[in-house]
Amino acid sequence: MDSAPRSPNGFLASLADDDFELIRPHLRTVDLVQEFVLVEVDETLKRAYLPHRGVISLIVKLARGEHIQVAMVGRDSIFGALSVLGDPTSLNSAVVLVPGVASTLEIDRFRAAADQSATLRTALVRHGLAVHAQIQQTAGCNASHTVESRLARCLLHTHDLSGDDELRLTQESMAQMIGARRNSVSLVASTLQQAKYIHYSRGHIEITDLDGLLKTSCECYATVKAQYNRLLRPRCLS
């Protein structure tokens, strides 16, 4: 794994050679199995995850039992950036939303490498800020926008992060993604299918019209993408 094509993960591909060499010997490859829980809230995060394919969902659990997604991490970034830099106690749960493959690295080893390199620390901060920006936008979106526009936003974002037009998503996972009830998701998914923007069957979504989803989505999709472009340029997904 040398130079820019060394990894399909955007964080790893963006690193200078010297920074990459600090962590390369300790990287391991793991499968991201759908619905596998990587960490629960208040647990110590022991490993950072850098997806090549697949998507990790960051979830908060409310007192009444609702599980709400606040952000997603895919092939452009890293889950665990701020844990490397600070407190490894997780502020949310992390679950595999879309199956795939990731590089993984022990938090302690990652921290030791970051202690040796200011540029590696800067990369971690910028990726952590990008996820934080997504969390903020998601909170506003869930409070203000329609279920239809929120689902379109999430499908577009999941498409970007996974790099795939075909997504394995259950009604329950989509409900968590947009903070809505499962019956609302079913109705909206049917509407998007009737518009021929997606093809939807049990546990499987094929995106057939990206432009249609873009027209249906709220402005939050473009806002988050612009924040990622600003923070992660020039290595973020196009």
Side-chain angles (χ1 to χ4, degrees), residues 8-14 32 48-60 67-83 91-98 100 102 122-165 167 169 173-180 185 188-189 192 197-198 205 207 209-238:
N9 175 267
F11 178 91
L12 293 176
S14 73
L32 296 176
Y49 293 86
L50 305 102
H52 305 178
R53 302 190 313 275
V55 180
I56 297 168
S57 177
L58 310 188
I59 295 172
V60 296
H67 292 186
I68 309 298
Q69 177 179 282
V70 294
M72 292 185 281
V73 176
R75 61 190 178 122
D76 60 341
S77 196
I78 170 176
F79 169 58
L82 296 183
S83 293
L91 300 177
N92 47 255
S93 300
V95 180
V96 176
L97 178 68
V98 177
T122 297
L124 287 163
V125 168
R126 294 182 79 85
H127 280 260
L129 286 173
V131 174
H132 182 65
Q134 186 189 157
I135 290 171
Q136 289 183 308
Q137 195 70 33
T138 299
C141 183
N142 285 348
S144 302
H145 295 143
T146 66
V147 173
E148 186 176 20
S149 64
R150 278 148 50 196
L151 183 58
R153 167 184 62 83
C154 284
L155 292 178
L156 287 167
H157 197 189
T158 306
H159 168 270
D160 288 349
L161 296 181
S162 66
D164 200 338
D165 290 335
L167 306 171
L169 295 171
S173 63
M174 287 190 288
Q176 290 180 5
M177 288 169 72
I178 62 174
V185 169
V188 170
L192 295 178
Y197 299 160
I198 65 172
I205 289 179
I207 296 175
D209 186 348
L210 281 171
D211 288 339
L213 284 181
L214 279 167
K215 292 175 183 176
T216 304
S217 174
C218 54
E219 74 269 17
C220 296
Y221 170 72
T223 299
V224 169
K225 194 163 187 175
Q227 291 281 27
Y228 270 61
N229 286 335
R230 180 181 67 83
L231 288 164
L232 309 185
R233 185 185 296 134
R235 302 288 188 169
C236 67
L237 298 179
S238 60

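Nothing here was measured: the structure is a model prediction, and the numbers come from that model.
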> Can Ile207 and Asp164 be said to form a side-chain contact (heavy atoms from CB on, under 4.5 Å), step by step?
Replying inline: CA-CA 9 Å; Ile207 296 175; Asp164 200 338; over 6 Å; no
>> For Arg150, run the side chain to side chain contact (heavy atoms under 4.5 Å, CB included) check against Val188, Val185, Asn142, Thr216 and tell me which one passes.
In response: Asn142
> Leu167 and Ser162: side-chain contact (heavy atoms from CB on, under 4.5 Å), yes or no, with the steps?
Replying inline: CA-CA 8 Å; Leu167 306 171; Ser162 66; 3.5 Å; yes
>> Holding to side chain to side chain contact (heavy atoms under 4.5 Å, CB included), I want the full list of residues that pass it with Val70, two or more places apart in sequence or in another chain.
In response: Leu58, Val60, Ile135
> Nearest 0.5 Å, what's the CG-NE2 distance between Leu213 and His157?
Replying inline: 14.0 Å
>> Go through it in stages, so that I can follow the logic: the residues are Ile205 and Leu155, the test is side-chain contact (heavy atoms from CB on, under 4.5 Å), and I'd like the CA-CA distance, side-chain angles, deciding distance and then a yes or no.
In response: CA-CA 9 Å; Ile205 289 179; Leu155 292 178; 3.9 Å; yes
>> Check this for me: Leu214, atom CG, are more than 12 non-hydrogen atoms of other residues, nucleotides or ligands nearer than 6.0 Å?
In response: yes
> Given side chains that start at C-beta, do those of Ile68 and Thr138 come closer than 4.5 Å, heavy atoms only?
Replying inline: no
> Do Phe79 and Val131 come close enough that some side-chain heavy atom pair is under 4.5 Å?
Replying inline: no
> Taking side chain as C-beta onward, heavy atoms only, is Gln137 less than 4.5 Å from Gln227?
Replying inline: no
>> Rounded to the nearest 0.5 Å, what separates atom CG in Leu210 from atom OH in Tyr197?
In response: 12.0 Å
> Side chains of Pro51 and Ile56: does their closest heavy-atom pair fall under 4.5 Å?
Replying inline: yes
>> Side chains of Tyr221 and Asp160: any donor to acceptor distance under 3.5 Å?
In response: yes
>> Please report the interatomic distance NE2(His127) to CG(Leu232), rounded to the nearest 0.5 Å.
In response: 4.5 Å
> For the atom pair OG (Ser14) and CZ (Arg126), what is the distance rounded to the nearest 0.5 Å?
Replying inline: 10.5 Å
> Measuring from Met177:CE to Arg153:CZ, what's the distance to the nearest 0.5 Å?
Replying inline: 8.0 Å
>> Closer than 3.5 angstrom, by distance alone: can the side chain of Ser149 be matched with the main-chain N or O of Thr146 as a donor-acceptor pair?
In response: yes
> Which residue pairs satisfy the side-chain hydrogen bond (donor to acceptor under 3.5 Å, both in side chains) criterion with at least one member in residues 49-59, sequence neighbours excluded?
Replying inline: His52-Ser103, Ser57-Gln69
> Step by step, would you call Gln134 with Met72 a side-chain contact (heavy atoms from CB on, under 4.5 Å)?
Replying inline: CA-CA 8 Å; Gln134 186 189 157; Met72 292 185 281; 3.9 Å; yes
>> If I compare all heavy atoms of Ile78 with all of Leu124, which pair ends up nearest, and what's the gap?
In response: CD1-CD2, 4.0 Å
> His67: what forms a side chain to side chain contact (heavy atoms under 4.5 Å, CB included) with it, not counting sequence neighbours?
Replying inline: Ile59, Lys61, Gln176
> Is the side chain of Ser173 donor-acceptor paired with the backbone N or O of Leu169 at a distance under 3.5 Å, no angle test?
Replying inline: no
> Measuring from Leu12:CG to Arg75:CZ, what's the distance to the nearest 0.5 Å?
Replying inline: 14.0 Å
>> Test your reading of the model: is there a side-chain donor-acceptor pair from Asn9 to the backbone of Ala102, 3.5 Å cut-off?
In response: no
